[in-house]
Amino acid sequence: MKLVIGPASPLLGKRIAEKCGLEIAETVYKRFPDGELYARVIGRDERFVVVQSLNSNEDLVYLMLIFDAISDSDIIAVIPYMGYARQDKAFLDGEAVSIRAVAKMIESYADTVITVNIHSKEAAGHFKKLIDLDAMRVIGDYYRGRDIVMISPDLGSLERVKRAAEFAGCEFDYLEKKRIDAETVIVTPKKIDVSGRDVVIVDDIISTGGTVIEAAKQLSCRSIEAACVHAVLASNALNKLYNAGISKVIATDTIEKAVSILTVSDLISEEIKRLI
Ligand code: R5P
């Protein structure tokens, strides 16, 4: 069995290969002058692990080409960040359900699909079978022993934040909207008074940063950090977060950015070792 490292996940791919003791397959990736992409996996094997996050259209095309190159073999697909998962239903008549299309492509090649904190249960439901790992342990472990309050930006993310807080051994809460009168809505932590406290806003994805920035505006506390699994960080998001007073942003290596100081390689390697 060999491991194919896709162009989106070089660090994480190498970490997983080392932890699983798997040989890294030699690969060639390039772009033709007209923009088309090319992938080659040198050497055959009965079984491959492919590690490639989907944070761009290019990542998706490369994944498909890698799959085709090894389509004679059994494939364990590790997609640490499952892009396109936020379009998990048709919100408007006639819309594509993007994750359904992506799931069909992936499952037409891969026998097993592993991801990390896919955006929603609905998105996971478009796969016949998906192993969805939870990186809240990784975030929680990083903050263990710190006197912080973890805040979920909304009720929807509370369960996730609760898990991270349990690993960290810290308090947690979520932001609740309260309507005071017809014109006034206030947003405050539901239970905990955070004044004078150090707060960490925890989310699965930071994309534009809008969710974290809006949450930060509602918090009157000593300091605010933000932690997420997937650092999409689109549209100059990191600058916007710093400008909004977020003192530190950290993420895992499902997407490889400068802030990706945590790793999900142990989580994924444990799962691969169970499968092989
Ligand atoms: C929403 O459901 C997700 O949990 C994130 O809160 C969202 O994707 C973050 O996006 P943005 O950074 O663009 O606000």
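Values in this document were obtained by computation on a predicted structure and should not be read as measured data. In each ligand, atom 1 is the first atom listed, and ligand 1 is the first ligand listed.
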Discussion item. Any carboxylate oxygen within less than 4.0 angstrom of a Lys/Arg side-chain nitrogen, looking at D111 and R47?
Written reply: no

Contacts satisfying ring pair (Phe, Tyr, Trp, His ring centres under 6.0 Å) that involve residues 188-217 (not counting sequence neighbours) are none

Which of I66, I24, I16, V51 passes side-chain contact (heavy atoms from CB on, under 4.5 Å) with I5? Answer is I24

Within the 4.0 Å heavy-atom cut-off around ligand 1, the contacting residues, ordered by chain and number, are R86, H119, R160, D203, D204, I205, I206, S207, T208, G209, G210, T211

For residues 41-79, the ring pair (Phe, Tyr, Trp, His ring centres under 6.0 Å) pairs (sequence neighbours left out) are Y29-Y62, F67-Y109

| request: Using the six-membered ring of F172, assess whether NZ or CZ of K162 lies under 6.0 Å from its centre and within 45 degrees of the ring axis. | output: no

Residue pairs passing the ring pair (Phe, Tyr, Trp, His ring centres under 6.0 Å) test with at least one member in residues 211-264, sequence neighbours excluded, are Y81-H230

